[in-house]
Amino acid sequence: MIFNYIRVSSIEQNTERQLKDVACDRVYEEKISGKDTNRPQLQAMLANIRANDIINIHEMSRLARNTRDLLNLVEKITSKGATIIFHKENLTFKENEKQDPYQKMMMVMLGAVAELERAILLERQREGIAIAKAKGKYKGGKNKLSSEQITELNNMHSQGMPISRIAKQFKITRPTVYSYLKKR
């Protein structure tokens, strides 16, 4: 089987440029951060890989955003007897085949670059938020509930309703419920 793994970091981004015109039997596509390997489609693909499968990935940063995860994932895939191809970098890794040491070096270096890019992005984001807070322009996320709903939420809690039921009723997470309760 031939699998194409396609990932972008957010819902607003589109995946059209990745693996364009690369034929496959199955596509695993997700719009989720690559900060770790806890990604549903990635895990599904890993569970389905068998010997002689081919995994196409547009570029390394689509598979992993840190070098450790990249190396572990490539090892996991190749140890199952599958081949992984990074198209943009023109690198191929297979099990039971003597690996080109230059290809492995390139993978490590490019993985480190992807990790650096992510660290720089997060640093800039933190700096921007700090500047906005200092100017009084950063207020955090918007309230998901109206003031009437917040009052109702507090009344439900006062009457002993479990947090999980309150969260379900308002279609919010339990931590969000706790956040509203903390503000009162």
Side-chain angles (χ1 to χ4, degrees), residues 1-126 141 144 163-164 167-168 171-178:
M1 298 254 324
I2 300 173
F3 301 137
N4 285 1
Y5 179 74
I6 297 171
R7 184 191 68 78
V8 290
S9 297
S10 68
I11 293 170
E12 298 83 31
Q13 295 174 316
N14 85 41
T15 58
E16 290 179 27
R17 73 177 185 88
Q18 293 184 37
L19 300 175
K20 191 175 174 184
D21 303 322
V22 176
C24 69
D25 298 308
R26 184 158 185 194
V27 174
Y28 291 91
E29 182 177 322
E30 52 197 349
K31 296 185 174 193
I32 190 170
S33 173
K35 68 180 179 183
D36 61 37
T37 60
N38 277 340
R39 294 175 256 152
Q41 290 297 299
L42 174 64
Q43 293 304 318
M45 181 185 73
L46 292 172
N48 287 326
I49 293 173
R50 305 289 179 259
N52 300 316
D53 286 347
I54 297 171
I55 291 73
N56 292 303
I57 300 180
H58 183 70
E59 64 181 283
M60 282 184 200
S61 67
R62 302 301 84 211
L63 182 62
R65 294 294 274 181
N66 72 61
T67 310
R68 179 179 296 128
D69 287 347
L70 178 64
L71 293 170
N72 289 340
L73 287 168
V74 169
E75 171 64 27
K76 186 178 270 189
I77 291 166
T78 57
S79 70
K80 291 182 175 193
T83 299
I84 184 166
I85 302 168
F86 296 105
H87 287 260
K88 188 173 181 183
E89 294 87 356
N90 195 26
L91 297 173
T92 301
F93 297 92
K94 302 176 184 181
E95 202 223 8
N96 297 331
E97 187 176 291
K98 189 171 185 242
Q99 292 296 329
D100 178 350
Y102 294 103
Q103 280 207 13
K104 185 162 186 183
M105 179 192 70
M106 286 303 295
M107 178 174 59
V108 171
M109 287 174 47
L110 294 170
V113 169
E115 191 171 343
L116 175 66
E117 284 176 337
R118 178 158 172 73
I120 289 170
L121 178 133
L122 293 174
E123 183 180 338
R124 287 181 182 151
Q125 184 181 39
R126 282 190 297 273
K144 296 183 187 309
I163 298 296
S164 56
K168 196 172 195 175
K171 295 182 176 119
I172 57 177
T173 63
R174 291 177 57 222
T176 303
V177 173
Y178 285 115

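Note that the numbering runs from 1 along the sequence shown for the chain. Note that the structure is a prediction, hence the values are computed from the model and not measured.
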Within-4.5 Å side-chain heavy-atom neighbours: Ile84 and Leu73 = no
What's the shortest heavy-atom distance between Lys144 and Ile172, and which atoms?
-> CD-CG2, 4.1 Å
Which heavy atom in Gln13 sits nearest to a heavy atom in Val8, and how many Å separate them?
-> OE1-CB, 3.5 Å
On a heavy-atom basis, the closest approach of Ala82 and Ile55 is CB-CD1, 3.9 Å
Which atom pair, heavy atoms only, marks the closest approach of Ile32 to Pro40?
-> CD1-CD, 4.2 Å
Of all heavy-atom pairs between Arg50 and Asp53, which one has the smallest distance, and what is that distance?
-> N-OD2, 2.7 Å
About how many Å separate CD of Gln41 and CZ of Phe3, when rounded to the nearest 0.5 Å?
-> 11.5 Å
Quick one: do Lys31 and Glu12 make a salt bridge, cutoff under 4.0 Å?
-> no
Verify the neighbour count for atom CZ of Arg124: are there more than 12 heavy atoms of other residues, nucleotides or ligands below 6.0 Å?
-> no
For a side-chain hydrogen bond (donor to acceptor under 3.5 Å, both in side chains) with Asp69, tell me which candidate from Asn66, Thr67, Asn72 qualifies.
-> Asn66
Taking all atoms of both residues into account, what is the closest heavy-atom pair of Phe93 and Gln103, and its distance?
-> CZ-O, 3.6 Å
Is it true that atom CG of Asp25 has more than 12 heavy atoms of other residues, nucleotides or ligands lying nearer than 6.0 Å?
-> yes
To the nearest 0.5 Å, what is the distance between CZ (Arg65) and OG1 (Thr37)?
-> 15.0 Å
Gap separating the CZ atom of Phe86 from the CG atom of Leu110, nearest 0.5 angstrom = 10.0 Å
Side chain to side chain, Val27 and Leu19, heavy atoms closer than 4.5 Å | no
Could you point out which residue of Glu29, Arg39, Arg62, Arg26 forms a side-chain hydrogen bond (donor to acceptor under 3.5 Å, both in side chains) with Tyr5?
-> Arg39
Spacing of OG1 belonging to Thr173 relative to CD1 belonging to Ile163, to within rounding of 0.5 Å | 11.0 Å
Any Arg118 side-chain heavy atom under 4.5 Å of Ser33 side chain = yes
For Lys80, does its backbone N or O pair with a side-chain atom of Glu95 as donor and acceptor, under 3.5 Å?
-> no
pair Leu121-Glu117: side-chain heavy atoms closer than 4.5 Å = no
Step through the shown structure and confirm whether more than 12 heavy atoms of other residues, nucleotides or ligands are within 6.0 Å of CG on Asn52.
-> no
With rounding to the nearest 0.5 Å, note down the distance linking OG1 in Thr15 to CG in Asn4.
-> 11.0 Å
Can you measure from OG1 (Thr78) to NZ (Lys94) and round to the nearest 0.5 angstrom?
-> 12.0 Å
Starting from the C-alpha separation in whole Å, work towards a yes-or-no answer on side-chain contact (heavy atoms from CB on, under 4.5 Å) for Met60 and Leu91.
-> CA-CA 9 Å; Met60 282 184 200; Leu91 297 173; 3.0 Å; yes
